[in-house]
Amino acid sequence: MPLRSREIRLAARPCGRPEPGDFELAEVALPDPVDGEILVRNAFVSVDPYMRGRMNDVRSYVPPFAVGEPMTGGAVGQVVASRAADVPEGTWVVHDLGWREAALLPGERARAFDPTRAPLSTSLGVLGMPGLTAFVGIDDIGQVRDGDTVLVSGAAGAVGSLAGQLARRRGARVIGSAGSPAKTAWLDGLGFDVTFDYRETPPRKALRQLAPDGIDVYFDNVGGETLEAAIGALNRHGRIVACGSIAGYNATEPQPGPRNLFMVVTKRLRMQGFIVFDHFDRWPAFLGEVAPLVADGTIGYRETVVDGIERAPEAFLALFAGDNVGKMLVRVGPEP
């Protein structure tokens with residue numbers, strides 16, 4: 001009997017912040033796999049801020065979601081049927097056909113994950129793509145070194161929380177910006193040197209107080225006002241790690257750039273954007289360092305989990321309200 005699965009489809013392209021009506025829930029029957037394919041029953045699916053850009057019909061580094069078709073993204077689940085010789089039934093795998101309860105895909109598009117070494121959910125967070133993003137941003141793009149002062153915005157998210165901890169391990173003094181007292185308290189517990197709530201203290205003012213001698217690296221997850229403040233606070237030859245700009249993802253008009261962009265020239269700053277997909281060769285080094293630190297509790301992480309594929313849009317929208325602490329996940333099936 002075909003496996004039945006519920007999935008979330010894009011019903012309409014949003015204007016501004018997405019609304020529940022921009023999504024629809026549908027049920028499909030999945031056929032048995034053919035040669036080279038696997039059938040996966042998902043346990044968790046990921047919702048991430050970058051998915052907002054894929055809801056627009058614009059050219060980008062990945063194709064936009066198609067109206068009427070299921071959305072995609074990170075997922076982890078168990079292979080329940082396989083015609084791929086190197087991915088036997090029972091294997092737990094990470095793949096990119098999220099936003100659904102089950103997925104049929106080529107075995108070569110899946111990466112095995114051992115849930116006896118770390119909780120399954122971490123494969124989509126601290127030991128998954130967000131974790132690799134933090135690792136590459138701190139080491140390869142930001143080139144953080146001993147004695148640097150580093151500002152991380154969106155520091156209570158999946159990427160920012162690990163980025164700050166890695167920067168501390170490189171010998172940097174780390175400042176974290178987040179959107180609530182509860183979030184800054186968590187960051188304090190992770191070992192951030194100082195933190196501030198940007199809703200209470202404007203970033204420019206906070207940096208004057210917390211970094212009177214300036215900063216050397218800014219790990220940017222938000223853009224907007226914080227980016228402008230960071231440019232003002234950066235020392236000569238400072239580095240900006242341009243990872244995300246969630247403050248402008250729902251804008252309906254083009255957003256003005258930082259008013260002090262001329263300082264990139266006068267301070268000889270380096271600002272570099274990056275997409276983690278270009279850095280998958282760094283997986284071994286990333287997992288080699290971070291996985292043992294997660295296992296022994298040296299690296300801390302948090303997850304915000306909602307239950308049921310029907311609630312995936314709700315979880316996604318909550319990202320833009322800042323309701324998550326750490327990685328936002330949707331649990332859609334059984335765990336080990």
Side-chain angles (χ1 to χ4, degrees), residues 17 47-50 52 125-126 130 133-134 137-138 142 144 148-168 172-235 238 240-251 255 258-260 299-306 315-329:
R17 180 170 292 195
V47 292
D48 301 277
Y50 82 87
R52 175 60 186 86
V126 67
T133 301
I138 289 297
V144 173
D148 281 342
T149 295
V150 177
L151 169 65
V152 181
S153 61
V159 174
S161 57
L162 181 57
Q165 292 179 84
L166 290 176
R168 286 277 290 128
R173 177 176 182 262
V174 180
I175 304 169
S177 168
S180 75
K183 291 181 178 181
T184 58
W186 177 53
L187 297 175
D188 292 337
L190 291 180
F192 280 61
D193 293 280
V194 287
T195 59
F196 68 94
D197 178 352
Y198 69 85
R199 299 183 193 273
E200 296 293 331
T201 306
R204 189 184 302 273
K205 179 180 179 181
L207 290 175
R208 283 200 301 264
Q209 296 171 345
L210 301 178
D213 296 325
I215 62 175
D216 302 294
V217 179
Y218 172 44
F219 196 113
D220 186 21
N221 288 306
V222 302
E225 179 186 6
T226 308
L227 173 58
E228 183 171 291
I231 290 173
L234 276 159
N235 295 320
I240 300 170
V241 181
C243 181
S245 298
I246 194 172
Y249 285 173
N250 292 315
Q255 298 298 290
R259 294 169 295 180
N260 57 355
I299 291 288
Y301 67 95
R302 291 271 296 273
E303 296 169 341
T304 301
V305 180
V306 302
F316 178 66
L317 298 182
L319 293 172
F320 301 98
D323 292 344
N324 62 299
V325 179
K327 183 73 186 84
M328 179 68 88
L329 295 167

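Position 1 is the first residue of the sequence, and the numbers go up from there.
Rounded to the nearest 0.5 angstrom, Thr226 OG1 and Ile231 CD1 are separated by 11.0 Å. Here NZ of Lys205 is found 12.0 Å from CZ of Phe196. Values are rounded to the nearest 0.5 Å. With values rounded to the nearest 0.5 angstrom, Thr304 atom OG1 is found 5.5 Å from Met328 atom CE. In this structure, the separation between OG on Ser245 and CG on Asn221 is 9.0 Å, given to the nearest 0.5 Å. Note that the CG atom of Leu319 and the CD1 atom of Ile246 stand 6.0 Å from one another [nearest 0.5 Å].
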Test log, rule side-chain contact (heavy atoms from CB on, under 4.5 Å), inputs Arg52 and Phe320
CA-CA 10 Å; Arg52 175 60 186 86; Phe320 301 98; 3.6 Å; yes

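Arg17 contributes no side-chain N or O that, together with a main-chain N or O of Asn250, makes up a donor-acceptor pair within less than 3.5 Å. Checking side-chain atoms of Gln165 against main-chain N and O of Ser161 turns up a donor-acceptor pair under 3.5 Å. A donor-acceptor pair under 3.5 Å links the side-chain atoms of Asn324 to the main chain of Gly326, judged by distance alone.
Two residues are said to be in side-chain contact when any heavy atoms from C-beta on lie closer than 4.5 Å; Ser153 and Phe219 fail this criterion.
With sequence neighbours left out, the side chain to side chain donor-acceptor pair (under 3.5 Å) criterion links Glu303 to Ser121. By the side chain to side chain contact (heavy atoms under 4.5 Å, CB included) test, Arg168 is found to be paired with Val174, Asp193, residues two or more places apart in sequence or in another chain being considered. In this structure, the side chain to side chain contact (heavy atoms under 4.5 Å, CB included) partners of Ala158, at least two apart in sequence or on a different chain, are Pro130, Lys327. Scored by the side chain to side chain donor-acceptor pair (under 3.5 Å) test, Asp216 finds Asn235 as partners (sequence neighbours excluded).
In terms of heavy-atom proximity, Phe316 sits nearest to Asp48 at CE1-O, 3.4 Å. Across all their heavy atoms, Asp197 and Pro181 have their closest contact at OD2-CD, 3.5 Å. The two residues Ala233 and Leu207 have their closest heavy-atom pair at CB-CD1, 3.8 Å.
Screening Leu162, Val144, Val241 against Ile138 for a side chain to side chain contact (heavy atoms under 4.5 Å, CB included) leaves a single residue, Val144.
Side-chain polar atoms of Tyr218 and Asp220 form a donor-acceptor pair below 3.5 angstrom.
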Counting only pairs under 3.5 Å, give me each side-chain donor-acceptor contact of residues 208-215, with atom names and distances, residues two or more places apart or in other chains.
none

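Between Glu225 and Arg204, no side-chain nitrogen of the basic residue sits less than 4.0 Å from a carboxylate oxygen of the acidic one, so the salt-bridge criterion is not met.
Pairs engaging residues 175-190 under the side chain to side chain donor-acceptor pair (under 3.5 Å) rule: Asp188-Thr195 [sequence neighbours left out].
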